[in-house]
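Okay, so here's the structure we're looking at.
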Amino acid sequence: MVKKIKNLKEFSLSNDRFEGANLMCPGCSHNIIVREVLNATDDPVIVATATGCLEVCTAVYPKTSWDVSWIHIGFENAAVAAATVSAAYEVMKKKGKLPPATQKMVEEGREPKIVAFAGDGGTYDIGFQSLSGAFERGHNFMYVCLDNEVYANTGGQRSSSTPIGASTTTSPAGSVSYGEKMMKKSMVEIMADHGAPYVAQVSPSKWKDLVKKVQKGFEVYGPVYINAQSACTTEWKHAPEDTIEVSDLGVESCVWPLYEIINERDEHGIIYSTKLNITYRPKNKIPVEEYLAAQPRFRHLFKPENRHIIDLWQKAVDARWEYLQRREEAGV
Amino acid sequence: MAKKYELNEIEVWDGNMAAAHALRQAQVDIVAAYPITPSTPIVQNYSKFLADGYVDGEFIMVESEHSAMSGCVAASAAGVRAATATSSQGFALMAEVLYQASGMRLPIVLTVVNRALAAPLNVNGDHSDMYLGRDAGWINLCSYNPQEAYDLTLMAFKIGEDLNVRLPVMVHQDGFICSHTAQNVRPLQDEEAHEFVGEYKPVNTMLDVANPVTHGVQTEEDWHFEHKARQHNDLMNSFGTIKKIFNEFKERTGRTYDLVYTYKMDDADVAIFALGTTVESARIAADKMREKGVKAGVVSLRVFRPFPFKEVAEALSNVKAVAAMDRSAPGGTFGALFNEISAAMLAHGKSPIVLNYIYGLGGRDTTIDMLKGVYEDLDKCAKAGEAVVPMQQFLGLRGPKLSFY
C-alpha cells in the first residue's frame, strides 16, 4: 500500500530502518537517497547492495546501519542478488513456506519491497551484465543506481558514467588534457529499452519527485530502474553543505533532467505503449556553466584552452532536453 | 506439490541425468544456472522435470555462471535450498563467488562436471577446474561413476546443511567419461530420497521480515582473521558430519562411502593414487600387475576438501612407492595431489617414494597399459629404495619425453 506523505519534516522522521550516522562522508548524497527510498514505503524492505561506498560504510562487522534484511555479494551482482531474493520469495510463497511473520504480512495484502543499490561503476560498467540479465528476465525488484559519475569507493577513477571534461584519477586534467574524453552513457533509456515497466531519473534535491517515483516503482510488477543523481563531495569536490544545492543546479540546468518512462505491458510482457514524462520543468533553465562552476572537478574547463568543452556540454544538454521534450510530446 | 517421478529399481542414467535427478529429489527451491559443456544436460534435464511438473521450485536461466552462483548465494541467504551445475570456464567465472558462498556459510550444492580450462580451448575432461576451486572453502566430494554422482549429490545437501558444517558442497564427476556414459544406477524412490535429504531448515533467512539479517558484511583486520579461521575450523571438522551422513546413507542403501577409498592396499608395496574415472582403470592395472607378482594397490579420495590427511597417511603407511596422479597441468610445481600426499606422509613421519604423473589432460585417454607402466616405474623405485625414474613425468605425451626432477 502506498504510504501517505505530508511534509518533509514528518517524512524525514518516519524512517528508522537505515542509520544515517554511518561511515559515509559528510554531505554524501547516498545517505539521503537511501533514506528517501526506504522512507517511501511502510512495507518491509529487503536490500541487496553492490560493493561500493554504501556497502563499506554501512555494514562493517560487527555493526550494521541496516534494520532491514540486507545482502552484499560482490561488485557486479547486486541486480542478480535482488532478483534471486525476489524469485526465492515467490517460490516460498507458492510453496506456502514463508516465515510466519512474512506469511501474515502477505495475508494482510502487503508485499516486501526488494531493492538493489549500486553505484555507477556497479551499474554502468562491471554490473551491467547482471543488471541487463535480471531486467530481461523480468524479476520483480527495484534497482537504484546511486550515480555519482565516478568510482568514488576506489579513489575516484572514471566510469562510463563520468561526463566529458571531468577530472578523475584515471582521466586527470593536465597540461594537454581536459580530463574525461567520452560522453556519459544514457542509462535510463538503455534500461527502459529492456522493456522494464517503470524507469525514472531522480535527484535527491527534488525529494517529493523522487519519493513519488519510488512509490510508483513499488506499485508495478517487474524490474524498475531508478537513476539517482548522487553528488559526491569527495570527487566532485564541493563543500559538504552544498550537496543539495549542487544537485539542484544539475536539475535547473537540465544536465540532470527529471523524467520517467512507463512501458505499459500486457500479461505476456508485450509492450503496447511507451510514454516518457518530464516530471520537472525548470522555470528558467540556467546555463550549464553554473553547474560546472560549482564543482572543482570541472575547474580546468574554465581555462581559455578548454572553454570549448563547456560549449560542447551546453550543446549536448540542450540537444538531450530537446529530445526528451519531443518524445514527451509524441507520447513515445 | 511436485508430481512423483516413477523410477525403476535400476535406471540407465549417465552422470548428468543422475545429478539432475538428485537435484529434483532434493526438491531444490532455486536452481540458477548457465549451461556449459559437458554439464549442460543437468540443467536441460532439470528444465524438463520442471516443464513436466516434477519440480515445484524455480529454474532461473541466468546470463552467466557468475550470476548463476551469485543467484545461488542470494537465494540461499534468503533461506531457500539452492543448487547449480557447471564446468571449466563457467567454473572459472564463478570463482569469485565461490569464496562468497563459503565465507557467508551458505550450504549451496554445485555439481561440477570436470573439464579442462582454456587455453587452448578444450571441452573434454580433466581436473583443472577442480584444482582451481580447491581452496575456495567448499567441501569437495569426488564421484567416479553415475551412481556415485547421484548418491553424493543427495548426501551433499545433508552434509552442507548440517548445522555443524553450514558450508557449500561441490560434487565432482569426470566430464564425458562419467557425465555422458550411461550406466545402471539404483535410485532411491522420491519419498525415500527426500526423507533422507530432509526439509531445509535455514538459519538467518532474509525472507523473515520480523527478523532482518545482514549477510556479506565487510570485516577489517580486527575480525577478518577470526572469521576465516572459524570457517577453516568448521571445514576441517566437517569429517565427522561427512562420515555420519555416509553411514546413514549406507544404512539406507547398503552402499558404502569412505573418506579414502582403497583397493588391494592391505599388502601393497606400490600404489597409484588418483581421482575420478581413472581409478577403475588403475584397479584393473593393479590386478594385472599382481598376476606378475607386483603387490599393487589403488588409493583414491572421496573427499578432496577437507583433505583427509590422516586417512591418506594410514592408507599409504606401508607402501614403498606411490604415484600421485594429477589430471591437471601442474603450473610450475608438482601436482596438487603430489604436494598433499607428500605433506600427509611427512606429517605422519612416513617417507615412501612419491612420484608425480601428469596425465589425461584435455580428455587424453589413459589406458590400462599406461597405468601398468606407472606400476612398473614404482616397482623399480620400490626395489631400488630410491627414485630411479624422474619424479615428475607426463603420461602418454607425444613427442620428446618431458620429465622434471
Side-chain angles (χ1 to χ4, degrees), chain A residues 17 43-49 51 55-95 97-102 104-106 110 112 114 129-130 132-134 136-137 139, chain B residues 1-2 27-32 34 55-64 66-82 93 96-97 99-101 103-104 106 199-200 202 204-220 222-224 226-227:
Chain A
R17 298 187 293 194
D43 289 340
V45 178
I46 300 175
V47 171
T49 300
T51 311
E55 175 258 333
V56 301
C57 295
T58 63
V60 184
Y61 187 85
K63 295 177 182 168
T64 179
S65 304
W66 302 86
D67 194 16
V68 298
S69 275
W70 180 94
I71 187 168
H72 156 254
I73 305 173
F75 194 4
E76 61 287 68
N77 46 23
V80 68
T84 318
V85 169
S86 172
Y89 166 73
E90 286 179 19
V91 167
M92 296 319 253
K93 191 172 150 183
K94 187 179 76 181
K95 288 189 173 183
K97 283 163 63 178
L98 285 171
T102 314
K104 188 163 170 280
M105 178 202 70
V106 174
R110 301 164 74 202
I114 297 164
Q129 175 177 296
S130 139
S132 178
E136 171 273 318
R137 293 190 300 275
H139 297 281
Chain B
M1 196 59 191
Q27 292 178 26
V28 176
D29 299 302
I30 297 263
V31 172
Y34 190 80
V55 177
D56 62 359
E58 198 185 331
F59 172 61
I60 309 175
M61 173 69 208
V62 288
E63 80 298 333
S64 75
H66 191 281
S67 279
M69 187 46 66
S70 303
C72 287
V73 167
S76 189
V80 309
R81 187 173 272 163
L93 190 54
E96 178 200 18
V97 198
Y99 284 77
Q100 312 278 14
M104 288 160 77
L106 299 168
E199 280 287 311
Y200 179 39
N204 303 329
T205 155
M206 288 176 74
L207 294 181
D208 184 358
V209 298
N211 298 293
V213 288
T214 299
H215 281 276
V217 291
Q218 191 201 244
T219 57
E220 296 295 345
D222 57 346
W223 279 108
H224 192 78
E226 281 71 22
H227 277 288

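Numbered from 1 within each chain, the chains take letters A, B, ... in sequence-line order.
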TODO: May I ask you to check whether A:W66 and A:T58 show a side-chain donor-acceptor distance below 3.5 Å?
DONE: yes
TODO: Please check if any side-chain donor atom of B:S64 sits under 3.5 Å from a side-chain acceptor atom of A:Q129, or the reverse.
DONE: yes
Chain A heavy atoms under 4.5 Å from [X]: which part of the residue, side chain, backbone, both or neither?
X: B:H66; answer: side chain
X: B:A210; answer: both
X: B:I30; answer: side chain
X: B:M104; answer: side chain
X: B:A32; answer: neither
X: B:Q100; answer: side chain

TODO: Would you check if B:L207 and A:V85 make a side-chain contact, meaning some heavy-atom pair closer than 4.5 Å?
DONE: yes
Part of [X] lying under 4.5 Å from any heavy atom of chain B:
X: A:S130; value: both
X: A:V91; value: side chain
X: A:V45; value: neither
X: A:K97; value: side chain
X: A:I73; value: both
X: A:E55; value: side chain

Among the listed options [options], the residue most often paired with chain B at heavy-atom distances under 4.5 Å:
options: A:P100, A:A83, A:G133, A:S132; value: A:G133
options: A:A79, A:G74, A:A48, A:A88; value: A:A88
options: A:D67, A:N77, A:T49, A:T51; value: A:N77
options: A:K95, A:M105, A:M92; value: A:K95
options: A:P44, A:P99, A:A82; value: A:P99

Task: Greatest number of heavy atom pairs closer than 4.5 Å to chain A - which of B:V73, B:V209, B:T219 - done: B:V209
Supply the atom-to-atom distance [X] [atom1] to [Y] [atom2], rounded to the nearest 0.5 angstrom.
X: B:R81; Y: B:C72; atom1: CZ; atom2: SG; answer: 13.5 Å
X: A:Y89; Y: A:T102; atom1: OH; atom2: OG1; answer: 8.0 Å
X: B:M206; Y: A:W70; atom1: CE; atom2: CH2; answer: 9.5 Å
X: B:T205; Y: B:N211; atom1: OG1; atom2: CG; answer: 9.5 Å

Open item on the list: I'd like to check the salt bridge (charged side-chain N to carboxylate O under 4.0 Å, His left out) partners of B:E96; sequence neighbours left out, ordered by chain and number.
Closed with: none
Task: Residues forming a salt bridge (charged side-chain N to carboxylate O under 4.0 Å, His left out) with A:K63, sequence neighbours excluded - done: none
- [ ] Run the salt-bridge test on A:K94 and B:D56 with the 4.0 Å N-O cut-off and return the result as yes or no.
- [x] no
Task: Side chain B:D29, main chain B:G57, donor-acceptor under 3.5 Å - done: no
